[in-house]
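In what follows, chains are A, B, ... by sequence order, proteins preceding strands, each numbered from 1. Just the heavy atoms: all of them, side chains too, but no hydrogens, waters or symmetry mates, feed the values below.
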2 protein chains.
Amino acid sequence: MRPESRYRQIARILRREIHEGILPRGGRLPSEKQMEERFDASRNTIRLALGMLRNQGLIVSRPGRGHFVQDVVPDTFHANRSGSKGLNESGMAGQNLEELQLLSATPDIASRLRVPEGAMVVVRRMYRFSGEISSSVSAAYYPMDLVQDTPLMLPQDVESALAVLAEYGQRQVGFVDELQTRMPGPQEADQLELPPGVPVLVVHRTDLSEERPIRLVHTVYAGHSIRYQYEHGDMSAYHRD
Amino acid sequence: MRPESRYRQIARILRREIHEGILPRGGRLPSEKQMEERFDASRNTIRLALGMLRNQGLIVSRPGRGHFVQDVVPDTFHANRSGSKGLNESGMAGQNLEELQLLSATPDIASRLRVPEGAMVVVRRMYRFSGEISSSVSAAYYPMDLVQDTPLMLPQDVESALAVLAEYGQRQVGFVDELQTRMPGPQEADQLELPPGVPVLVVHRTDLSEERPIRLVHTVYAGHSIRYQYEHGDMSAYHRD
DNA sequence: CCACCCAACTTGTACCAACAAGATGAGAAG
DNA sequence: CTTCTCATCTTGTTGGTACAAGTTGGGTGG
């Protein structure tokens, strides 16, 4: 049995102090130099410990300022209330169309939309924000033949894309969600302004009419600011107070 | 505009080689000494780059062996097929009862089960594995008054807990799932044998009868080995081939 | 032929030094 | 009083060294 390494000990101690509230959320940790003395370890070792906590999403580090206890409370996303909207609370929420694009379906997109590989699809990229921070980026893929001659071909926001599709004869009657989690790539970390140690929640939603898939939405959420909620069956006992 | 730091450059180069398949999945990276020469950087800098990739879940490191490209393909969990089972494929899957315990409800558990804070609840902890690796750990919480005098009070596996509850008058008619992602704590990383850089998917499922919540299941999945799938509404267009 | 040991490789931990760069507040200058 | 500068504190980056510990394969000795 080998002893726990020094930096892991230090990380464990700090982790405990965070969980117990000795170091309050949003509060600043002692500087690295102060910790050198407190733990009688070199700065490198201290930084190894802090790096662990950072990669566990417990602290964020700001150059020149210090290390701070992470302090983000997640919003709840209600997956099966009202097809398009969802984020609640926290004023200043909204979403914007970022870009409209045409491309030919990759194997993954094609299989989900049930169109031939290489078929043309319309992509509408958007980002959603709540308050200051953007909380998700998403892309919606439509089979070209469905959206031809609809407002969805125009580079402007639409009230409800599903309502538009319904007007043109394809009403959404169900969906399949596929959820996955992983660490963000550098590009995603940048877009979502994610500090190290925060994973992303990836959601693939396939919207369906009675006949066929009509839309694929690929959304990447910042993991520390989202709770995804699903309801199934008879919920009366839950919402009763 | 400040230049990209050396170790980030190196990480970016290696990341690209991994994504392009130049470094195949499961394959071994050059040793740190070799990379020192290739990138003309100190071992410290190389290790910073490798640490980044490790914390992004792209590589795993084995002392004495080397650094390897991560190679795990996720299973799909079908959330609303058959109440209890779910994991498919990959032979040797199963689950075992780990521990049975009585405790008084914490505020969080109490509010989800709609019981008074401090009320007694029965906890059944279990782990699920597929093949060699354990893929999730979970704990099911039952209000004490529901499971008294049922097999769920006994420390042995039961075929279907929901079937037992139905026998005793509380049939499940719906559920609420709440999904969340975060980095694992050290204890979770240990139980699930998670390498650094792999987040967990946390699912709180509240099962409901027509009258009240009858069970709360808290499950922690290894993020790199799980896809959570959810279906809603009319799915015929999706399963039609 | 087999078992053991050890040299040589690997990554992990820990230390030191130095400089860069972001942030802040005190104090000088207007 | 207001504004600017700068000393000083902070974290970030990069270099170095040394030793510990896990792994492997070859060679030695039985």
Side-chain angles (χ1 to χ4, degrees), chain A residues 1-15 18 23 26-71 186 189-190 193-197, chain B residues 1-14 18 23 26-70 186 189-190 193-197:
Chain A
M1 191 128 89
R2 59 194 174 291
E4 187 184 25
S5 63
R6 191 83 186 92
Y7 79 93
R8 287 176 188 273
Q9 283 180 30
I10 297 172
R12 186 168 45 77
I13 292 171
L14 292 174
R15 195 183 298 114
I18 289 172
L23 296 168
R28 182 174 172 276
L29 275 67
S31 76
E32 294 174 0
K33 184 176 287 288
Q34 289 174 306
M35 294 200 212
E36 283 185 35
E37 295 179 12
R38 171 176 173 193
F39 295 112
D40 185 35
S42 73
R43 191 180 161 215
N44 256 338
T45 302
I46 300 292
R47 284 184 65 79
L48 275 179
L50 293 174
M52 256 196 121
L53 299 181
R54 194 169 37 234
N55 288 320
Q56 290 171 351
L58 294 178
I59 66 172
V60 293
S61 306
R62 303 181 202 287
R65 302 274 312 281
H67 303 276
F68 299 84
V69 180
Q70 177 65 277
D71 178 30
D190 208 56
E193 297 172 82
L194 293 178
Chain B
M1 189 128 91
R2 57 195 176 292
E4 186 183 27
S5 63
R6 190 84 184 93
Y7 79 92
R8 288 176 188 274
Q9 284 180 30
I10 296 172
R12 185 167 46 76
I13 293 171
L14 293 174
I18 290 172
L23 297 168
R28 181 173 173 277
L29 275 67
S31 76
E32 295 175 359
K33 184 176 288 288
Q34 289 173 307
M35 294 200 208
E36 283 185 38
E37 295 180 11
R38 170 176 172 192
F39 295 111
D40 185 35
S42 73
R43 190 178 163 218
N44 257 338
T45 303
I46 300 292
R47 283 184 64 80
L48 275 179
L50 293 173
M52 258 196 117
L53 300 181
R54 194 170 35 232
N55 287 321
Q56 291 171 350
L58 294 178
I59 66 172
V60 292
S61 306
R62 304 183 200 287
R65 304 275 310 280
H67 303 276
F68 299 83
V69 181
Q70 177 66 277
D190 208 56
E193 298 172 83
L194 293 178

Less than 4.5 Å apart, side chain to side chain, heavy atoms only: is that true for Arg65(A) and Arg28(A)?
no
Expressed as a whole number of angstroms, how long is the span from Arg8(B):CZ to dG12(D):P?
10 Å
Short of 4.0 Å, heavy atom to strand atom, which residues of residues 30-47 of chain B count as contacting DNA chain C?
Ser31(B), Glu32(B), Arg43(B), Arg47(B)
Please give, in whole Å, the distance from dT10(D) P to Leu29(A) CG?
13 Å
Test item: Ile13(B) and Phe39(B) side chains (from C-beta on) under 4.5 Å apart, heavy atoms
yes
If you take any heavy atom closer than 4.0 Å to DNA chain C, which residues from residues 51-70 of chain A end up in contact?
Pro63(A), Gly64(A), Arg65(A)
Pairwise side-chain contact, Ile59(A) with Ile18(A), heavy-atom cut-off 4.5 Å (strictly under):
yes
Please state how far atom CD in Glu4(B) lies from atom P in dA21(C), giving the value in whole angstrom units.
15 Å
Test your reading of the model: is there a side-chain donor-acceptor pair from Asn55(A) to the backbone of Gly51(A), 3.5 Å cut-off?
yes
Specify the separation, in whole Å, of atom CZ of Arg28(A) and atom P of dT10(D).
7 Å
If we count only N and O atoms by modelled type, under 3.5 Å, do the side chains of Gln9(B) and Arg6(B) hold a donor and an acceptor together?
yes
Applying side chain to side chain donor-acceptor pair (under 3.5 Å) between His67(B) and each of Arg62(B), Glu32(B), Arg47(B), report the one that passes.
Glu32(B)
State the CD-CG distance between Gln70(A) and Leu53(A), to the nearest 0.5 angstrom.
12.0 Å
Using side-chain hydrogen bond (donor to acceptor under 3.5 Å, both in side chains) as the criterion, list what pairs up with Arg38(B), not counting sequence neighbours.
Glu17(B)
